[in-house]
Amino acid sequence: MRTPAVVPVTGFVGQFFTGVGLLFRGVRMYARNPGLVLLGIIPALITGALFLAGFLALAFVVPDLATTLTPFAEDWAGWARGAIRVSAALAVLGLAGLLGVLTFTAVTLAIGDPFYERISERVEEWYGGTPNAVEVSWARSLRRSIADSARLVAVSLLIGLPLFVGGFLPVVGQTVVPAIGAVVGGWVLALELVGSAFYRRGLGLRDRRRALRAVRPVALGFGVAVFVSFLIPFGAVLFTPAAIAGATLLARRSLGEPIERP
């Protein structure tokens, strides 16, 4: 594994926004190449339709879920009972949003693995190719991707449950908890999205974690930007190809490889 590039000392905030900029570079790259758009949109559309239906169904039943989760508030004063149940409904939707974004990415990458592999490869070609590339069959790559995504989503669920409980707290549950959720979700998204570039080099999930930790502010900036863009209506469908392109740049940066055109 290569030694990670030395990140210029610009402070956490500067490096964070460098990571945000990688997503926008991905947007510019795929917007200028219609072929990339077609490659990336179709799998995301399929997954997006399934997840939208599921989220609308959840929104329809969430008032009943909030009532079920707060039986202790049945004898409270009307305003207090209403406040805790609104908080419970928002907590349910927040947890669903966190897990929805992460599982959307995992499912979309699984469905569109050949398409996104091609996008990532093309970005690598533009920036000088893939050093020490390893041939990996599509079936093996898919199995590794599904297994790694399942592990990451499971970890996110363990973290998400305390955040779900925190969502019941007035004010804090609607401000601090979503911010923590975005950071956690952003980190997991960054780990998921760089997978293709790392597999191409024969590197696994442990290598991804090690490399991204070395450029943590940049990885967080990229991941949080993707997470927020995926929360926008239809954002996950529109931004997935750009996120793949940006993640390839993030992978190259974390491995000390050039991300400027030769």
Side-chain angles (χ1 to χ4, degrees), residues 1-8 15 18-44 105-106 108-146 148-149 152 189-215 218-219 221-223 225-226 229 238-262:
M1 178 176 170
R2 285 174 173 267
T3 302
V6 177
V7 180
Q15 294 175 37
T18 295
V20 174
L22 293 179
L23 175 60
F24 287 101
R25 286 179 65 176
V27 171
R28 288 196 300 271
M29 277 189 286
Y30 99 85
R32 293 172 183 170
N33 296 270
L36 292 186
V37 178
L38 293 176
L39 279 175
I41 286 285
I42 295 173
T105 304
T108 302
L109 293 178
I111 292 174
D113 185 73
F115 301 96
Y116 297 128
E117 177 68 21
R118 182 61 192 132
I119 290 174
S120 184
E121 285 178 349
R122 194 172 298 181
V123 173
E124 299 260 35
E125 291 166 3
W126 290 339
Y127 289 91
T130 306
N132 305 314
V134 174
E135 287 291 332
V136 180
S137 69
W138 175 79
R140 183 183 176 192
S141 175
L142 181 60
R143 285 197 302 270
R144 289 179 65 178
S145 177
I146 292 173
D148 288 349
S149 294
L152 290 171
L189 279 178
L191 284 169
E192 278 193 308
L193 290 165
V194 299
S196 181
F198 275 75
Y199 292 148
R200 198 175 299 119
R201 293 162 172 79
L203 303 173
L205 181 57
R206 184 177 298 177
D207 301 301
R208 280 188 257 168
R209 287 197 177 103
R210 187 183 303 118
L212 292 192
R213 284 193 193 106
V215 291
V218 180
F222 171 76
V226 174
S229 70
L238 296 174
F239 281 93
T240 296
I244 295 294
T248 305
L249 296 180
L250 174 62
R252 293 180 66 85
R253 181 187 179 103
S254 71
L255 292 169
E257 296 167 8
I259 59 171
E260 300 299 332
R261 299 289 291 272

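We number each residue from 1, following the sequence as shown. Hydrogens, waters and symmetry mates play no part in the numbers below; they use all other heavy atoms, side chains included.
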Applying side chain to side chain contact (heavy atoms under 4.5 Å, CB included) to Ser229 and Leu23, what does each step give before you reach the verdict? CA-CA 10 Å; Ser229 70; Leu23 175 60; 4.2 Å; yes
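- Interatomic distance, Leu212 CG to Leu191 CG, rounded to the nearest 0.5 Å: 5.5 Å.
- Between Arg118 and Glu121 the shortest side-chain heavy-atom distance falls below 4.5 Å.
- Taken from CD1 in Ile42 to OG1 in Thr108, the straight-line distance is 13.0 Å, to the nearest 0.5 Å.
- At least one side-chain heavy atom of Tyr199 sits under 4.5 Å from a side-chain heavy atom of Arg208.
- The two residues Ala219 and Ala190 have their closest heavy-atom pair at O-CB, 3.8 Å.
- In this structure, Ile41 CD1 and Phe115 CZ are separated by 12.0 Å, a value rounded to the nearest 0.5 Å.
- For the pair Leu193 and Phe222, the minimum side-chain heavy-atom distance is below 4.5 Å.
- Across Ala245 and Gly26, no two heavy atoms sit closer than the pair CB-CA, 3.9 Å.
- Closest approach of Gly223 to Leu189, counting heavy atoms only: O-CD1, 4.1 Å.
- Side chain of Ser120 to backbone of Glu117: no donor-acceptor contact under 3.5 angstrom is found.
- Side chains of Phe239 and Val226 form no contact here, defined as non-hydrogen atoms less than 4.5 Å apart.
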I would like to know whether Ile119 and Thr248 meet side chain to side chain contact (heavy atoms under 4.5 Å, CB included); could you show each step before the answer? CA-CA 9 Å; Ile119 290 174; Thr248 305; over 6 Å; no
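- Remark: Glu124 pairs with Arg200, Arg201, Arg252 by the salt bridge (Lys or Arg N to Asp or Glu O under 4.0 Å) rule, at least two apart or across chains.
- Residues Ile244 and Val123 fail the side-chain proximity criterion, which asks for heavy atoms closer than 4.5 Å.
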Check the pair Arg28, Arg25 against side chain to side chain contact (heavy atoms under 4.5 Å, CB included), reporting the backbone distance first and the verdict last. CA-CA 5 Å; Arg28 288 196 300 271; Arg25 286 179 65 176; 3.0 Å; yes
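- Residues Arg210 and Asp207 have side chains in contact (heavy-atom distance under 4.5 Å, counting atoms from C-beta outward).
- What you find for Tyr116 and Ala44 is that their closest heavy atoms are OH-N, 3.6 Å.
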